[in-house]
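A, B, ... follow the sequence lines: proteins, then strands. Residue 1 opens every chain. Computed from a prediction, not measured in an experiment: that's the story for all the values here.
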2 protein chains.
Amino acid sequence: MAKKITIYDLAQKLNISPATVSRSLNDHPAISQKTKDKVLLVAKETGYRTNKFAANLSKQKSNTIGVIVPKLNSNFMSTVLSGIEKIANDIGYNLIISQSLESEKKEKLNAKTLFDSGVDALLVSLAYETENYDHFTTYTDRKIPLLFFDRVCDLPNCPTITIDNHAAGFDATQHLIEQGCKNIVHISGNLKRSVYSDRFEGYQRALYKSDIPFRKENLYESDLNIENVRTFVERIKNSKHKVDGIFVSNDTFAVHCIKELKKEGYRIPEDIKIIGFNNDPVSEVISPNLTTIEYPGYKMGILAGESIISHLSGSINIQSADQILIKHKLIIRESTQL
Amino acid sequence: MAKKITIYDLAQKLNISPATVSRSLNDHPAISQKTKDKVLLVAKETGYRTNKFAANLSKQKSNTIGVIVPKLNSNFMSTVLSGIEKIANDIGYNLIISQSLESEKKEKLNAKTLFDSGVDALLVSLAYETENYDHFTTYTDRKIPLLFFDRVCDLPNCPTITIDNHAAGFDATQHLIEQGCKNIVHISGNLKRSVYSDRFEGYQRALYKSDIPFRKENLYESDLNIENVRTFVERIKNSKHKVDGIFVSNDTFAVHCIKELKKEGYRIPEDIKIIGFNNDPVSEVISPNLTTIEYPGYKMGILAGESIISHLSGSINIQSADQILIKHKLIIRESTQL
DNA sequence: ATGAATTACGCAACCGATTGCGTAAATTAA
DNA sequence: TTAATTTACGCAATCGGTTGCGTAATTCAT
C-alpha cells in the first residue's frame, strides 16, 4: 500500500516551500533550473503523483470534456466517439461519455451531472425527443464551450459540426432520378431533428428540380428502428402508385428493407432502387451492395475534438460561432445500378 | 453569468454554520428535518450546485469509473460500453472512457492518467499486445477495484467477466463436425489473449473428441483485420487438404470471408461451411446468413457495471475474486446448414 | 424541579495544490 | 563599494466541502 505523498512531503525533503515545489512541477519560469531538477528528481524517486482533486479545486478546471450522445452502440456514433477520444487523449484531456438513450429527460439529467462534475467543455448530439434546450444555458451562461455535432440545434453562438444534409439529401435523390426512378419514397428519421429535415428538404428539392411531384404518402417518418421495416414494406406493396426508388436515411434500416423486399419477390435494383445513408459496414455486406452517402464519422469526431480544444485554449474568440460542414460523398453500388 | 454560490453563502443567508449546510445537503441524521428543509429550500432558490472538486478533494473519491477498451468503434465493444454506461448512469457514477488502440504503451498511459484522475474503479479489456500487467499494480496496491472483461488476464484477486470461450469454441467446432465437416480451419485472433486461445483449445478438444487430427496449417492466427481476408482465402484455395469448414473468431471477418469465397466460386454451405463469433448485426445481413455464437455484449456491460459497483459500495469482500461467466449460445443459420 | 440522556448544531482542522504579493539573495550598473 | 535591477523563492490566503469532537439546547425520567 503505497503512501500518498504530496508537495508538502517533497518540500520537507528538499527544505524548500510547497509553493516552489508546485511551481517546479509546473515548470514555472520564476524557478531556477537547478531547483526544478532537484524537485523533479525527488518527485520521481518518491513516486509522487499530483492530486488532481486538489489541482482541480484550486484551478477550477478539470481537464475533462463531457460528451452526450443518443446511444453509444451504433456504428456511426461509436466511430465519432473514437475520433473524439483520439484527440482528447492526445492532448491529455479525459472524456466523460454519457448517453441520453433518445430521452430528453435523461439528456437534461446528463447535462446537469456533467456540469456538476465540472467538465471544461461539452459535446452533444441531441436525442430524438429534445425540443427544449434550456439545459444548456447553464453552460453558455458560464461560458463553458458547447458544441453540437450530427444532431444539432440552432442555439445562438454554438458551433456545430455536420455534413451538408440538405445537399446530401439532394444528391441521393438526384441519383435515384438519374437512374430512372419516377416515384421515390423517402424514409426519414424524426423530422424534428435537422439532420433528417434537411435531408428531406434536399429530397424535395431534387424532385422539384426534375418536375416530379412530391406525394405526401411517399414520406415515411419513423424512429428507424428495424422493427418497423415490416410495416413499411407493407406500405410499399399497397401503394397506389408503384414505387421504384427508396431513399432511406439510415443504412441499417435500408439493408433490412432490402432483405424484406427481396423476400416479397422484388428485384433490387431492377424493380426498386434503394439508397441508404452513412456508409455503414453493413452496406457492403448486403446483396446487392447498398448505394449510400458516406458520412465520415471518424473525421467528424476528430474535428469536434479539435474544435472544442481550440475553444478551450482560448485561441479562438468565444463569439466566433462557427458552423463546420464536412463533405459527404455519394457511393454508388449495386442497389441503384443495373 | 450566474454567480457561484457555496455552502458558505447558504450558511450566511440562513445564519447557520457551513457544516450544518453541508450535513443538511447530504441528509446527515444529526440534523433536524426542519433545518434540512430550510437549507434545501434556499439551495433551490439560489440555484446552489455543489462543487465536486471540493467534495472530491475532501472525500478522496470522484464518483467516477474509468474504462479502458482496445477500441471504441466495434459493434461488440460499443454495446458493452452501452451496458456499462447504463448502470453507471443509473447510480450516479460518471464514466471516463479511453481506448488503447491495441497498444500496450497507450494502455499503460491511459491507466496512469485515469489513476491520476482519481477514478474510483477501473474496468479494462486488454489490448492485443499487452503482456505485462504492472500498470495495474498502482490500482491493486491502493485497493482500487479493478475488473477485466472480455479480454482478461490472470492477475490474482481480479474479478473477470467473460463467456466460457473454451466451451464456445468447442460448441462451434462440434456443430461443424455434426454438419459433416472433416477438415476444419480455425481463424483466430491473437493467441496471447485468452479469449482466443480458449476458443482455440475448445476447437482442438472438439476435433479430438471426434478423432479428427488437428493440422497445424489449419490454424490461422491474425489480427482479424479484414484486409487479411484475401491472404486467407488464397491459403484455403491452395490447401493440400480440401477445407470444408471454417470457424472464425469474429463475425466481421467471417462475413468478408464468405464474400470472398463466393467470389472464388465456393458455395456456402455446400462446399464450405462457416461459423462466426459474436452475433454481430452483419451476420444476419450476409447471404447466406451466418451461423455464429451469441456473445451478449450488453449483458456483459451490465454485469461489469453491477459487479464493480458492488465492489465499490463495499458490500462484497474485496478478497472475493470472482470470475463471472456469461452464457453463450449457438445460433444456427444458413452458412452451416443445407 | 433537577440531573441525565439525547438531539442539534458549531468550531476548526483538514484535503493538496495554486498563486498574488512581498522580500531576501544574486547580479548588474555606476 | 554602493545603489539599482533582476532573479528565485517563501508566506499565506484561497478553492469549497467534509468531519471528528465538543457543547449548548432540548427532551426525558424521576
Check your understanding: Any Lys/Arg nitrogen of B:Glu129 or B:Lys106 sitting under 4.0 Å from an Asp/Glu carboxylate oxygen of the other?
Key -> no
Exercise for review: Round to the nearest Å and state the distance from A:Lys36 atom NZ to D:dT7 atom P.
Suggested key: 13 Å
Review point. B:Ser22 near the nucleic acid: base, sugar-phosphate alone, or nothing, with a heavy-atom cut-off under 4.0 Å?
Key: base
Revision key, fill the gap. In B:Glu107, B:Glu102, B:Lys108, the residue satisfying side-chain contact (heavy atoms from CB on, under 4.5 Å) with B:Thr130 is B:Glu107
Practice item. Verify the contact: side-chain N or O of B:Thr35 to OP1 or OP2 of C:dC9, cut-off strictly under 4.0 Å; return yes or no. Key: yes
Check your understanding: For B:Lys52 and A:Asn56, what are the C-alpha separation, side-chain angles and deciding distance, and is it a side-chain hydrogen bond (donor to acceptor under 3.5 Å, both in side chains)?
Key -> CA-CA 9 Å; B:Lys52 287 268 179 72; A:Asn56 288 347; over 6 Å; no
Check your understanding: B:Ala19 side chain: which of D:dG16, C:dC11, D:dT18 is closest?
Key -> C:dC11
**Study point:** Whichever of B:Ile31 and A:Ile7 has its nearest DNA chain C nucleotide further upstream toward 5'
**Key:** B:Ile31
Exercise for review: Mind checking A:Ala55 for me? I need base, sugar-phosphate or nothing, with any heavy atom below 4.0 Å counting as a touch.
Suggested key: sugar-phosphate
Review point. Counting just side-chain N and O atoms, does B:Asn26 come under 4.0 Å of either OP1 or OP2 of D:dT18?
Key: yes
Review point. Given the side-chain rings of A:Phe136 and A:Phe148, with only the six-membered ring counted for Trp, is the space between their centroids under 6.0 Å?
Key: yes
Practice item. Check every strand shown and say whether A:Thr6 touches a base, only sugar-phosphate, or nothing at a heavy-atom separation below 4.0 Å. Key: sugar-phosphate
Exercise for review: For B:Leu25, report the nucleic acid contact type (base, sugar-phosphate, nothing); a contact means any heavy atom under 4.0 Å.
Suggested key: nothing
Practice item. Answer yes or no: side-chain N or O of B:Arg23 and base N or O of C:dG10 forming a donor-acceptor pair under 3.5 Å. Key: yes
Review point. Within a reach of under 6.0 Å around CD of A:Gln60, are more than 12 heavy atoms found that belong to other residues, nucleotides or ligands?
Key: yes
**Study point:** Check: A:Leu40 and A:Leu25 side chains under 4.5 Å, non-hydrogen atoms
**Key:** yes
Check your understanding: Whole Å only: how far is the NE2 atom of B:His28 from the P atom of D:dT19?
Key -> 8 Å
Exercise for review: Check whether any side-chain N or O of A:Thr20 sits under 4.0 Å from OP1 or OP2 of D:dC9, and answer yes or no.
Suggested key: no
Point to revise | Rounded distance (Å) that lies between atom C1' of D:dT18 and atom CG of B:Asp27 | key: 16 Å
Practice item. Report yes if at least one side-chain N or O of A:Ser58 is closer than 4.0 Å to OP1 or OP2 of C:dT18; otherwise report no. Key: no
Practice item. Return the value, rounded to whole Å, for the distance between atom CD of B:Gln33 and atom C1' of D:dT26. Key: 18 Å
Exercise for review: In whole angstrom, give the distance that lies between atom NZ of A:Lys4 and atom C1' of C:dC15.
Suggested key: 9 Å
Review point. How is B:Tyr8 classified with respect to the nucleic acid when contacts are heavy atoms under 4.0 Å: base, sugar-phosphate, or nothing?
Key: base
Revision key, fill the gap. Checking C:dT18, D:dC9, C:dG16 against the side chain of A:Leu57 (C-beta onward), the nearest is C:dG16
Exercise for review: Would you kindly give the CD1-to-P distance between B:Ile16 and C:dC9, to the nearest whole Å?
Suggested key: 8 Å
Review point. Nearest-Å distance, CG (B:Leu14) to P (C:dA8)?
Key: 17 Å
Check your understanding: Once you round it to whole Å, what is the distance between P of C:dA8 and NZ of B:Lys38?
Key -> 13 Å
